[in-house]
Amino acid sequence: MDEKYFPEQIENKWQQHWEQTKAFQVTEDDPRPKFYCLEMLPYPSGFLHMGHVRNYAIGDAVAWYKRLQGFNVLHPIGWDSFGQPAEQAAIKRGVNPRDWTEENIAHMRGQMKRLGISYDWSREIAAHRPEYYKWDQWFFLKMFERGLAYKKKSPVNWCPKESTVLSNEQSSGGVCWRCGAEVEKRELEQWFLKITDYAEELVEDIKQIESSWPEKVLKRQRDWVGRSEGAFVDFAVRDSSQKIRVFTTRIDTIYGATAIAISAEHPLVDELLAESPLKNQVLAFAEKVKSDKAARGRIVDEEEQKEGINTGVLAVNPFSGESIPVWVANYVLIEYGTGAVMSVPAHDERDFEFAQKYSLPIRRVIERISHEQESIPHDATSEDQSIAMPHAFTEYGILVNSGDWSGKLSTEGIVEMAKYAEVHGFGKAAVTYRIRDWGVSRQRFWGAPVPIVYCEKCGMVPVPEKDLPVQLPDRAEFTGSGESPLAGVADFVNTTCPNCHAPARRDTDTMDTFVDSSWYFFRYCDPRNEAAAFDPAIARQWTPVDQYIGGDSHAVMHLIYTRFWTKFMRDLGLVSFDEPVKKLLTQGMVTNRVQGTDEWKAMSKSLGNGVDPDEMIAAFGADAARLFVLFAAPVENELRWSESGIEGAVRFLRRVYTMVWRWNERLAKTETTLASDEPNDQSSGARALRRKTHQTIAKVTGDFEDLHLNTIVAALMELFNELSAFAVDPATATAAEVFVVREALAALVLMLAPFSPHAAEEMWQHLGHAGGLLNSGRWPQADAELARSEELEIPIQVNGKLRSRVLALPEVTEEELRAAALKDEKIIAFIEGHEVVKVIVVPQRLVNVVVK
RNA sequence: GCCGGAGUGGCGAAAUUGGUAUACGCACCAGACUCAAAAUCUGGCGUUCGCAAGGACAUGUCGGUUCGAGUCCGACCUCCGGCACCA
């Protein structure tokens, strides 16, 4: 054993050892209970950044902890290797995307190994390899069979800078999620996956994961699905057979409807106006609204003005029989509900604003429930109350001016009026969702081709399963024109119809890369299966994922798609549960100071505040880098990079190492059994050290369950400090002292393994243990009896302020404590001349003397 | 605007059910070792009054509940994140 701690040497040695012994490979025939620990698979950009390091350090800590506890831990890694950057590199530099990607993977794999992350490398997968994307295509065909994959011409989000289609999730806020360019709308034939069929489940099943996923992720998912309970109501158009269907969550306010407002894109706009003298004006307005919308996103902060135009058409309120005007309004969205709303200015802020601008009547039909008021307000109030209302009253209350419904509560009205509408055939209770179907078509080369063929005779024909995969060609022209590069590859496009064998053309779009990542962790279970995406029986042994770790940037996209995909796989009979991930941890960002400023921002090349993991490893060692990353902040917080912080981590490892070195020889020579009662002598330092050891084990084990990794490291440092304070010379230590030191050091080293595994393995060996720590199932057990304090220091307060402390045994009675407190000299001095009103004794905790 | 989350030393942060606020680390200061520096080790380190013993004040602000509040309640301020006409 070297006297000095040389991380490079130790890390190389153990990495080689792990590699040679295939230390982290797991099998399904292992009798131990399983644990599936998963980190989000990276895009192979070529270089690991500190965010990756943090992600994998957290995951590896969990994996090691569970292994040491005796679990059979599946801890795999792979590559989300389809996607834009490879294609950009091809366009800009003419490189082959496949070569570029493989080189990046090779480099990043090396970096991961230098970090010593305990992956089962035999299960490594990469999305761009045909043996993987074959199954993307297979799933696509299964969806196609069931009508869950369909093609439609639709306005899509188009990124002009990258010449591609984006999903709704990827164009949130009107800008491209990747390059920030403003998104345009285009009409294109696109493939969609029917995630909307699962909208209800995606909300409902949140119940199953509520306590184990971060609230902020669940909130964003709920918002994204946007479930809304309400009702449809049909308003008949006067002098026409047409009806306008509106969606409302407040059918109780329907007697207050003073207009119908429809979206500029509403299909009835043309038809309704056929004979109207206002036709040209209204259509011109509708066009203007559409172009304004296309331009939106440019000005983010400026709320758009509400604008509208009266079409001159009248619609009939089916409840009151009243005729009200139909307007086209820019604030009504075609994408949501029915693209038409009933305008109730008195009880909706937007309608109120609109009504004020265009002087539409504002009619109050809900009154606040007043507790002083004995009787329910009746309809005697005046008709037009616009003057009396400074803004809309959006609360629930009691219905007024609502015909026979007056006097009912809003909540009753909402239910009963929807029923009434259904009975009379002009509406019904309904639930709407904001979520849209998932557009997966990309006009890109570097992705999984859509396995569909177009035949003149047979039309759209799915590629038969036996012909999968539809292989990407080796190369294509990257024109950057916007059309899929595959369209220019004749060998690819031209094929024969699987049905009639006539010449046919392939679909030239590729799939969104989020398809690849929606099911990849099932593939890890059975990664080399050539006959299926995975064997359900094998997947059942590992899934669901017990702990998933990644950034919260995937709170809606990846994490909602993968939930959807799982439910689909369940419906195929491949899995038997609803939710793929039991526990989710979203780690915080890694930031660094931007040079010359006081700002902390995510590390990036453009800001010049990046830190290269390889340099960190070279300078301080992987163990110290990992220890620092886990210690410096709670896992979900932002992590501020600090060079001196990482130096502190090296110092700690060095001290522990030196301590092991000092005791190494003596530990080897002395029996491990506890030969006498000596360390149990209450007052001895040895007893105190044992107590600290067992207290630390209890704390660390508890904190691991909640992933409070930073406080675990603090606790390990405390244990080490106690060990240092136990200043016994190894040469002259008694057998009992050697025993407690061994116990403390062994516990410390074992519990350090999830943070700094190489150093821990090395020290474990020097503590006299043959064979590795790994899979030893030796996570230390806390002995509650040994952890218990024999002597308590009880704070004594006078009127809630700390004035003194007394020592007491844990068994001390309340009476004894009270007496001890009142006998205390300092306390006597404080209460002298005052009347003791009462004495509060909290057993084992504190005494508070209350005086007047 | 709406919905979340958070405000504790110079900094990152600790603190079971309300019960010794500031654990652990970083930075800083002093001392030891050294010709010297680095490294290492030892000690100190919320603010303030005091030679000291000790006291007063401190968890964003103001109030409340309580013997006792970082923790609970009410109002407000600030910061971060998400959504943004969702009927």
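Order of the sequence lines fixes the chain letters, A, B, ..., with proteins taken first and strands second; residue numbering starts at 1 for each chain.
Atom CD of A:Glu825 has 12 or fewer heavy atoms from other residues, nucleotides or ligands within 6.0 Å.
The CZ-P distance, from A:Phe720 to B:rC24, rounds to 14 Å in whole Å. Here B:rC83 presents its C1' atom at 15 Å from CD1 of A:Ile435, a figure rounded to the nearest Å. Rounded to whole Å, atom P of B:rA56 lies 11 Å from atom CG of A:Asn799. Rounded to whole Å, the distance from CZ on A:Phe620 to P on B:rC26 is 13 Å. Distance CH2 (A:Trp224) to P (B:rG81): 19 Å, rounded to an integer number of Å. Look at CD on A:Glu307: it is 16 Å from P on B:rC85, rounded to the nearest Å. If you take CD of A:Glu835 and P of B:rC67, they are 16 Å apart, rounded to a whole angstrom. For the pair A:Tyr331 OH and B:rC85 P, the computed distance is 13 Å after rounding to whole Å.
Ranking B:rC85, B:rC86, B:rA23 by closeness to the A:Lys306 side chain, first place goes to B:rC85. When distances run from any side-chain atom of A:Arg803 to the nucleotides B:rA56, B:rC26, B:rU40, the shortest one goes to B:rA56. Counting only heavy atoms from C-beta on, A:Asn330 has its side chain closest to B:rC85 among B:rA23, B:rC86, B:rC85.
The nucleotide B:rA39 finds no pairing partner, because no Watson-Crick or G-U wobble arrangement with both distances shorter than 3.5 Å includes it. Base pairing of B:rG74 is made with B:rC62, judged by Watson-Crick or G-U wobble geometry with both donor-acceptor distances under 3.5 Å. Summarising the base pairing, B:rG1 is matched to B:rC83 through a Watson-Crick or G-U wobble pair whose two defining distances lie under 3.5 Å. Pair assignment for B:rC67 gives B:rG19, based on Watson-Crick or G-U wobble hydrogen-bonding distances that are each under 3.5 Å. B:rC57 is paired with B:rG46 under the criterion used here, namely a Watson-Crick or G-U wobble arrangement in which both key atom distances are under 3.5 Å.
Residues A:Val233 and A:Arg245 have side chains not in contact (no heavy-atom distance under 4.5 Å, counting atoms from C-beta outward).
Mapping A:Thr248 and A:Gly648 onto RNA chain B by nearest heavy atom places A:Gly648 closer to the 5' end of the strand. Map A:Asp552 and A:Phe830 each onto its nearest nucleotide of RNA chain B; the residue landing nearer the 5' end is A:Phe830.
When the P atom is compared between B:rU59 and B:rU22, the two are found 14 Å apart, to the nearest whole Å. Taking atom P on both B:rC73 and B:rG4, the two are 14 Å apart, rounded to the nearest angstrom. As rounded to the nearest Å, B:rG55 and B:rG7 have P atoms that lie 31 Å from one another. Atom name P, nucleotides B:rU42 and B:rC33: the rounded distance is 15 Å, in whole Å. Using atom P as the reference point in both B:rC77 and B:rC24, the two lie 38 Å apart (nearest Å). Distance check on atom C1': B:rC45 versus B:rG9 gives 10 Å, rounded to whole Å. Using P as the reference atom, B:rG18 and B:rU66 are 16 Å apart when rounded to the nearest Å. Of the C1' atoms belonging to B:rA27 and B:rG12, the separation is 11 Å, rounded to the nearest Å.
Residues meeting the side-chain contact (heavy atoms from CB on, under 4.5 Å) test with A:Pro267, sequence neighbours left out: A:Ile334.
Nucleic acid contact for A:Arg655: sugar-phosphate only, since backbone atoms but no base atoms lie under 4.0 Å from a heavy atom of the residue. Within 4.0 Å of A:Phe232, counting heavy atoms only, lies no atom of the nucleic acid at all. Using a 4.0 Å heavy-atom criterion, one finds that A:Val850 contacts the sugar-phosphate atoms exclusively. Counting any heavy atom pair closer than 4.0 Å across all strands shown, A:Arg222 reaches no nucleic acid atom. When heavy atoms are screened at a 4.0 angstrom cut-off, A:Gly337 is found touching no nucleic acid atom at all.
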**OP:** Could you give me the CA-CA distance, side-chain angles and deciding distance for A:Val635 and A:Asn710, then say whether side-chain contact (heavy atoms from CB on, under 4.5 Å) is met?
**Re:** CA-CA 8 Å; A:Val635 284; A:Asn710 57 324; over 6 Å; no
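In this model, the phosphate group of B:rC57 is approached by a side-chain N or O of A:Lys801 to a distance below 4.0 Å at OP1 or OP2. Put simply, A:Arg651 has a side-chain N or O that comes within less than 4.0 Å of OP1 or OP2 on B:rA27.
Listed for the A:Asp552 side chain is no donor-acceptor partner under 3.5 Å among the backbone atoms of A:Thr586. Not a single donor-acceptor pair under 3.5 Å links the side chain of A:Thr196 to the backbone N or O of A:Arg436. Proximity of a side-chain donor or acceptor of A:Asp824 to a complementary backbone N or O of A:Lys826 within less than 3.5 Å is detected.
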Original post:
Taking protein heavy atoms under 4.0 Å as touching, what does nucleotides 1-22 of chain B look like 5' to 3' if B marks base contact, S marks sugar-phosphate-only contact and - marks none?
Top reply: --BS-------BSS-BB-BB--
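Using bins of under 30°, 30° to 60° and over 60° for the plane-to-plane angle, the ring pair A:Phe755/A:Phe704 lands in the tilted bin.
The glycosidic torsion of B:rG18 lies more than 90° away from 0, which places this base in the anti conformation.
Aromatic pair A:Trp641/A:Phe628: ring centres closer than 6.0 Å.
Of the N and O atoms on the side chains of A:Tyr5 and A:Thr658, not one donor lies less than 3.5 Å from an acceptor on the other residue.
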